[in-house]
Amino acid sequence: MVEVGQVAKQANGAALVRYGDTVVLVTATAAATPREGIDFFPLTVDYEEKQYAIGKIPGGFLRREGRSTENGTLSARMIDRPIRPLFPKGFRNEIQVVATVMSVDKNNAPDVTATIGASVALGVSNIPFAGPVAAVVVGLVDDELVINPDIEQYHASKMHITVAGTAEAIMMVEGEADQIPEARVLEAIFFAHEAIKEIVAFQEPIYAELGKEKAEIKSFGIPEDIQEAVNAYGHDLLEAAVKNPDKKAREAKMDEVKEEIIAHFEADFPENLKDVDAAVDKLMKNIVRQMILNDGDRVDGRALDEIRAISCETGFLPRAHGSALFTRGQTQVLSVTTLGSMSEDQMLDGLTIENRKRYIHHYNFPPYSVGETKPMRGPGRREIGHGALAERALLAVLPDETEFPYTIRVVSEVLESNGSSSMGSVCGSSMSLMHAGVPIKAAVSGIAMGLVIGEDGKFQVLSDIQGIEDALGDMDFKLAGTEAGVTAIQMDIKVAGINRAIVETALSRAREGRMFIMGKMNEAIAVPSPELSSYAPQMLKMQIHPDKIREVIGPGGKVIHKITDETGCKIDIEDDGSLFILASDQEAAAKAKSIIESIVAEVEVGRVYMGTVKRIMDFGAFVEVIPGAFGASGKEGLVHISQLAEERVEKVTDVVNIGDQIMVKCTEIDRQGRVNLSRKAVLRQALKDR
């Protein structure tokens, strides 16, 4: 259900969207005048997650929401990508779309709801926008495609792909899959598109009935006489400059040619040198695109489906638990694996279905990777987005925590970038995990595909795009997977949608490219290392009865702290009694295990023990048969006075005193759990054995 006109009436457009009990308010606001001095469209999308939406009070000292969570950032990117191409070219008014998640029913995704809300808010506003647009999630449950799976279906689904589009074409694809064949992924995307068409049709009457008259805008463009003059003078110079396989040399030559062209027209257009600069950029874009469309030529001389030179190396860092250096052309990524205890998993303080994760992937893109200088700050939207994509790509092949009870962190350091660094991260991380000894199910490789579409509809799909082809092309289609199928997918476009033929071609070419890349990776490492690095922590798993957990922990954690201090091990205990000992070596792990076994050990009927007399009573002696350790209480039982000796005993102290060590046999554990011991039974057995 969509409500328009009741709330947020001072925004240019607003929509309150209800999907089950999920409620998202989306507003669209525009500046009245263009922003001066910029050459891009200033669109900002913010996705605000409110903890009250799930009945929680935020953590931290201030008890209020802070900066956006990673999920919020990813959701904002997801809304941005399908709507951005639908604004007029040359639009320079600042636009801000704000999605505020006010209530969450976990059966109904708020990010998909917000995308629809953004389309409605823009559609009813006076902001020029070529919508409607809609988004859905497609899942695969019991081999059946499902639109917007509920929480039960979500957990059973082998696919979770978000698709956005208009009635005519696909605008955005993003998600993960459990090694699903490309043909099935293609089917899923266009199965989703049929549902998108229905949601678009639902919005069209809202646009027609409630939409405001669109504002007239000042569209910024290059004067025709300047563009024509630059084309005539600069075409051959730029065409020669752009054909160079080396990124830095090409950029240096292009900058040199640009300066020459601007200097040439300084006298003719002294007041319009910014337009001359823009005209040079536009000419360069047209040259590169026409080379690809008409001749099948790329700036570095490769064929359209040719992959850049690849080199792979594992064990690059001597002390890391696992590391791999992946180089493809002038893109280079170092991925480093670190293993930790299960308690080191990441807590997710957001509105997602999951609240913890044991596989963490971080992606860093320092300025030196592209030969630039700028302040080093925290991760931005690019870093968060690329890290999440690489994380999704590898989730499907990770071992279950029962098989490999470690928290796993991989950090991908982009050391050099000329396009497709996120997919380089996937390849490097797959090798790094194997080098660390993580028993992943299969190797994962990734590739970025590009696209150039002509005005006549002719298109060319490019394999393994580099930076200039991403910047000047119409699509960045990233695909990762194993030999069996797709594990992650992300598609961004700069045009008003793409058709089935383009997606099908891109998927097919991507598989060919991935298999070539995987072959190069397998030459460096084809299977996981049989043993963990000597620097990786050793993990030992035990299972204890849940009722024994409190004994291992002790009052206020006293017992477990003593064990960790004594052995140097880290110990994690789960509610079901699963106990994990993380140690620097096997000897320390074995010592911790021995101590814990003594704490949780139970007295067994029929077994003989060497015990210590702890208490004397008139009716018998209490003997500790399993000593307590590190503050934990020991296990003791009663030797009744009649069971102290063969002959009649008048006083207990005639036979034993506190501190004496005696051999006893457990003869009974009664219904109340009381242990009965006998010294007499041991003495009788000794006489028989003589």
Side-chain angles (χ1 to χ4, degrees), residues 179 309-328 331-342 344-345 357-364 369 386-387 389-401 403-416 420-447 480-484 487-488 514-540 582-586:
Q179 304 184 71
I310 293 172
S311 70
C312 304
E313 178 182 349
T314 60
F316 188 77
L317 299 179
R319 292 268 178 161
H321 300 164
S323 63
L325 184 68
F326 178 83
T327 307
R328 176 166 50 196
T331 294
Q332 185 178 71
V333 182
L334 173 64
S335 287
V336 186
T337 300
T338 307
L339 305 177
S341 69
M342 290 299 296
E344 293 178 280
D345 63 352
K357 63 178 180 179
R358 65 181 277 255
Y359 177 61
I360 306 158
H361 196 119
H362 290 151
Y363 166 100
N364 296 320
S369 66
H386 284 6
L389 178 60
E391 186 172 290
R392 285 196 294 267
L394 292 155
L395 277 173
V397 300
L398 292 178
D400 185 83
E401 63 185 59
E403 176 189 355
F404 192 75
Y406 287 87
T407 292
I408 307 165
R409 181 185 185 230
V410 176
V411 178
S412 292
E413 305 283 2
V414 180
L415 307 181
E416 186 180 359
S420 194
S421 59
S422 63
M423 294 297 95
S425 298
V426 171
C427 299
S429 299
S430 175
M431 294 190 296
S432 177
L433 286 164
M434 287 197 286
H435 178 250
V438 179
I440 62 174
K441 300 170 189 173
V444 179
S445 61
I447 191 170
T482 65
E483 187 174 358
T487 58
R514 283 198 307 103
M515 292 302 98
F516 174 81
I517 295 163
M518 191 174 291
K520 297 293 184 181
M521 292 165 56
N522 287 341
E523 291 174 10
I525 184 167
V527 295
S529 300
E531 296 181 358
L532 299 183
S533 162
S534 60
Y535 299 109
Q538 303 297 308
M539 182 71 74
L540 195 154
L582 199 74
S584 57
D585 56 63
Q586 290 289 355

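Numbers here are sequence positions counted from 1.
Checked options M521, R328, E523; the residue passing with I310 is R328 (criterion: side-chain contact (heavy atoms from CB on, under 4.5 Å)). Of the listed residues (S412, S323, S432), just one forms a side chain to side chain donor-acceptor pair (under 3.5 Å) with S335, and that residue is S412. Y363 pairs in a side chain to side chain donor-acceptor pair (under 3.5 Å) with only one of the listed residues (S425, S422, S421), which is S421.
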>> Please evaluate residues L398 and I440 with respect to the criterion side-chain contact (heavy atoms from CB on, under 4.5 Å), reporting the C-alpha separation (whole Å), side-chain torsions for both, the decisive distance (0.1 Å), and the verdict.
In response: CA-CA 5 Å; L398 292 178; I440 62 174; 4.1 Å; yes

> Can you check side-chain contact (heavy atoms from CB on, under 4.5 Å) on L339 and F404, steps first, answer last?
Replying inline: CA-CA 10 Å; L339 305 177; F404 192 75; 4.0 Å; yes

>> Using the rule given for side-chain contact (heavy atoms from CB on, under 4.5 Å), can you reason through Q332 versus L334, listing the C-alpha separation, both sets of side-chain angles and the distance that settles it, and then say yes or no?
In response: CA-CA 7 Å; Q332 185 178 71; L334 173 64; over 6 Å; no

>> Would V426 and F326 count as a side-chain contact (heavy atoms from CB on, under 4.5 Å) here? Give the steps.
In response: CA-CA 9 Å; V426 171; F326 178 83; over 6 Å; no

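L532 contributes atom CG, which lies 6.0 Å from atom CD of Q538 (distance to the nearest 0.5 angstrom). C427 contributes atom SG, which lies 12.0 Å from atom CG of L325 (distance to the nearest 0.5 angstrom). From T407, atom OG1 reaches atom CZ of R358 across 7.0 Å, with rounding to the nearest 0.5 Å. Rounding to the nearest 0.5 angstrom, the gap separating the NZ atom in K520 from the CE atom in M518 is 14.5 Å. To the nearest 0.5 Å, atom CE of residue M423 and atom NE2 of residue H386 are 8.0 Å apart. Distance NE2/H435 to CG/L317: 9.5 Å, rounded to 0.5 Å.
Closest approach of G446 and I517 over heavy atoms only: O-CD1, 3.6 Å. Contact between A524 and T314 at its shortest, heavy atoms only, is O-OG1, 4.4 Å. Across S533 and A320, no two heavy atoms sit closer than the pair OG-O, 4.0 Å. Shortest non-hydrogen contact noted between A442 and Q179 is CB-OE1, 4.3 Å. The minimum heavy-atom distance linking R514 with G481 is given by the pair NH1-O, 2.8 Å.
One N or O on the side chain of H321 and one on the backbone of Y535 form a donor-acceptor pair closer than 3.5 Å. No donor-acceptor pair under 3.5 Å is formed between the side chain of Y406 and the backbone N or O of V438.
With sequence neighbours excluded, the residues forming a salt bridge (Lys or Arg N to Asp or Glu O under 4.0 Å) with K357 are E391, listed by chain and number. Here R409 pairs with nothing under the salt bridge (Lys or Arg N to Asp or Glu O under 4.0 Å) rule; sequence neighbours left out.
T331 and S420 share no side-chain donor-acceptor pair at under 3.5 Å.
Within 6.0 Å of CD on E403 lie more than 12 heavy atoms contributed by other residues, nucleotides or ligands.
Side-chain contact between T482 and T487 is present, with heavy atoms from C-beta onward closer than 4.5 Å.
Between Y359 and H361, the ring planes are perpendicular. Angles over 60° get that label, and only those under 30° would be called parallel.
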